[in-house]
S.K.: 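Here's a structure for you.
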Amino acid sequence: MYDPTVARLTYRALLGRRRALILGALPLLLIVISVIVRALVGADDQTASDLLGGLALATMVPIIGVIAGTGAIGPEIDDGSVVYLLSKPVKRPTIIFTKLIVAIAVTMVFSALPTLIAGLILNGNGQQIAVAYTVAALVSSIAYAALFLLLGTVSRHAVVFGLVYALVWEALFGSLVAGAKTLSVQQWSLAVAHKVAGGDLVTSDVSLPTATVLLVVVTVLATWYAGQKLRSLTLAGEE
């Protein structure tokens, strides 16, 4: 289910100079803001939770997921180079699964690690806040990568749609509108973070069992459907 050659090509595409700069911009901004806040406010648990929840989990993680998930396959479909990949004796589910693993790894590195660093800067992991939000970033990275990989497979405007989802649905509706919170990856990952941290600083509107089931279902279904779309794309090319 994992092809090293496909993985190497995907890593090369995602971590090229221009894309790597884009991927690194938000994590750097988060760390800089964390240093400034710590200098101005000191080690405050509530401030740390608000900043990690509002900037890191609600904004940075989904945007990085968009870049990594859509970038893992979208450009190859746009420029037609995916035809060369599909002509190789590699099973279509293997291609999707390999690209998913790469997208997850890139999303985790550029989101979870900066979240941990920012949390340690803000309050030294007081009340397990840094670790809790890091775990949330790791968990949400999996679902975001799967969703945006699917989006990159089905649409030529995947980046635009992905950013709309990340900035409008997750950052706005997913945080403010009660009904939308149940269908928010952010809220699902917050349920996991709440379990890690305990207490009331990290909260979620979704229970942990529900969040766990939804995270697994969304990831599996998105990956499966992306494989189906890639198979239909292959058949169209052969015809």
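Hydrogens, waters and symmetry mates are skipped; everything else that's a heavy atom, side chains included, is used.
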S.K.: What are the two closest heavy atoms between Val185 and Ala143, and how far apart are they?
M.R.: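 Reported closest heavy-atom pair: CG1-CB, 3.9 Å.
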
S.K.: Does the side chain of Tyr133 come under 3.5 Å of the side chain of Ser49 through a donor N or O and an acceptor N or O?
M.R.: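 Tyr133 vs Ser49: donor-acceptor pair found between side chains.
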
S.K.: Report the relative orientation of the aromatic rings in His157 and Phe161; use parallel for angles under 30°, tilted for 30 to 60°, perpendicular for over 60°.
M.R.: perpendicular

S.K.: For Val154, does its backbone N or O pair with a side-chain atom of Arg156 as donor and acceptor, under 3.5 Å?
M.R.: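 Not a single qualifying donor-acceptor pair exists.
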
S.K.: Output yes when a side-chain donor or acceptor of Gln187 lies under 3.5 Å from a complementary backbone atom of Thr182, and no otherwise.
M.R.: no

S.K.: Taking the side chain as everything from C-beta on, heavy atoms only, tell me whether Met60 gets closer than 4.5 Å to Pro27.
M.R.: yes

S.K.: Should Val102 and Val109 be counted in the same cluster of Ile, Leu, Val, Met, Phe, Trp and Tyr side chains packed under 4.5 Å apart?
M.R.: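 Linked, Val102 and Val109 end up in one cluster.
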
S.K.: Of the non-hydrogen atoms in Ala7 and Tyr2, which two are nearest, and what is the gap between them?
M.R.: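 So the minimum-distance heavy-atom pair works out to CB-OH, 3.1 Å.
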
S.K.: Closer than 3.5 angstrom, by distance alone: can the side chain of Arg38 be matched with the main-chain N or O of Ile121 as a donor-acceptor pair?
M.R.: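 Present.
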
S.K.: Looking only at heavy atoms, which two atoms of Ala68 and Thr107 are closest? And how far apart?
M.R.: CB-OG1, 3.4 Å

S.K.: Can you tell me if Asn125 uses its side chain to pair, donor with acceptor, with the backbone of Ala130 under 3.5 Å?
M.R.: yes

S.K.: Could you give the distance from OG1 (Thr219) to CD1 (Ile104), rounded to the nearest 0.5 Å?
M.R.: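 Reported value, rounded in 0.5 Å steps: 7.0 Å.
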
S.K.: Would you kindly say whether Thr10 and Lys99 are connected by a side-chain donor-acceptor distance under 3.5 Å?
M.R.: yes

S.K.: Given the rule that I, L, V, M, F, W and Y join up when any side-chain heavy atoms are under 4.5 Å apart, are Val66 and Leu28 in one cluster?
M.R.: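 Same hydrophobic cluster.
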
S.K.: Answer yes if Leu167 and Phe110 sit in the same cluster of Ile, Leu, Val, Met, Phe, Trp and Tyr residues linked by side chain heavy atoms under 4.5 Å apart, and no otherwise.
M.R.: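 Yes, Leu167 and Phe110 fall within the same hydrophobic cluster.
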
S.K.: Under the side chain to side chain contact (heavy atoms under 4.5 Å, CB included) criterion, do Val106 and Ile67 qualify, and how do the steps go?
M.R.: CA-CA 10 Å; Val106 170; Ile67 298 171; over 6 Å; no

S.K.: Give the C-alpha distance, both sets of side-chain angles, the deciding distance and a yes or no for side chain to side chain contact (heavy atoms under 4.5 Å, CB included) between Leu201 and Gln46.
M.R.: CA-CA 7 Å; Leu201 283 174; Gln46 185 63 59; 3.1 Å; yes

S.K.: When you measure from the side chain of Ser204 to the backbone of Trp188, do you find a donor-acceptor pair of N or O atoms at a distance under 3.5 Å?
M.R.: no

S.K.: Where is the tightest heavy-atom contact between Ala193 and Val202, given as atom of each residue plus distance?
M.R.: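 The pair with the smallest heavy-atom distance is CB-CG1, 3.6 Å.
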
S.K.: Linking I/L/V/M/F/W/Y whenever their side-chain heavy atoms sit closer than 4.5 Å, directly or via other members, would Val160 and Ile63 fall into one cluster?
M.R.: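 Result: no, two separate clusters.
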
S.K.: Determine whether Leu26 and Leu30 make a side-chain contact, defined as any pair of heavy atoms from C-beta on separated by less than 4.5 Å.
M.R.: no

S.K.: Just verifying a value: how many Å separate Leu214 CG and Ser184 OG, rounded to the nearest 0.5 Å?
M.R.: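 Separation between the atoms: 10.5 Å.
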
S.K.: For the atom pair OG1 (Thr153) and CD1 (Ile95), what is the distance rounded to the nearest 0.5 Å?
M.R.: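 So the gap between those two atoms works out to 10.5 Å.
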
S.K.: Report yes or no: does Thr70 contribute a side-chain atom to a donor-acceptor pair with the main-chain N or O of Ala158 at less than 3.5 Å?
M.R.: no

S.K.: Find out if a path of hydrophobic residues (ILVMFWY) with successive side-chain heavy-atom gaps under 4.5 Å connects Val217 to Leu147.
M.R.: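 Val217 and Leu147: separate clusters.
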
S.K.: State, to 0.1 Å, how close Leu52 and Ala118 come at their nearest heavy-atom pair, and which atoms those are.
M.R.: CD2-CB, 3.9 Å

S.K.: Would you give the length of the straight line joining atom OG1 of Thr47 to atom CG of Leu122, rounded to the nearest 0.5 angstrom?
M.R.: 8.0 Å

S.K.: Between atom OG1 of Thr94 and atom CZ of Phe97, what is the distance when rounded to the nearest 0.5 Å?
M.R.: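 Thr94 atom OG1 to Phe97 atom CZ measures 9.0 Å (nearest 0.5 Å).
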
S.K.: If only atom types and distance count, is the side chain of Ser141 paired as donor or acceptor with the main-chain N or O of Ala137 below 3.5 Å?
M.R.: yes

S.K.: Show your working on side chain to side chain contact (heavy atoms under 4.5 Å, CB included) between Thr115 and Leu57 and close with a plain yes or no.
M.R.: CA-CA 8 Å; Thr115 299; Leu57 198 61; over 6 Å; no

S.K.: Can you see which heavy atom on Ala146 is nearest to which on Thr223, and at what distance?
M.R.: CB-OG1, 3.9 Å

S.K.: Between Trp169 and Leu183, does a side chain to side chain contact (heavy atoms under 4.5 Å, CB included) hold up when you go through it step by step?
M.R.: CA-CA 9 Å; Trp169 183 266; Leu183 300 177; 4.1 Å; yes

S.K.: With rounding to the nearest 0.5 Å, note down the distance linking CD1 in Ile96 to NZ in Lys91.
M.R.: 15.0 Å

S.K.: Does the side chain of Val37 reach to within under 4.5 Å of the side chain of Asp44, using non-hydrogen atoms?
M.R.: no

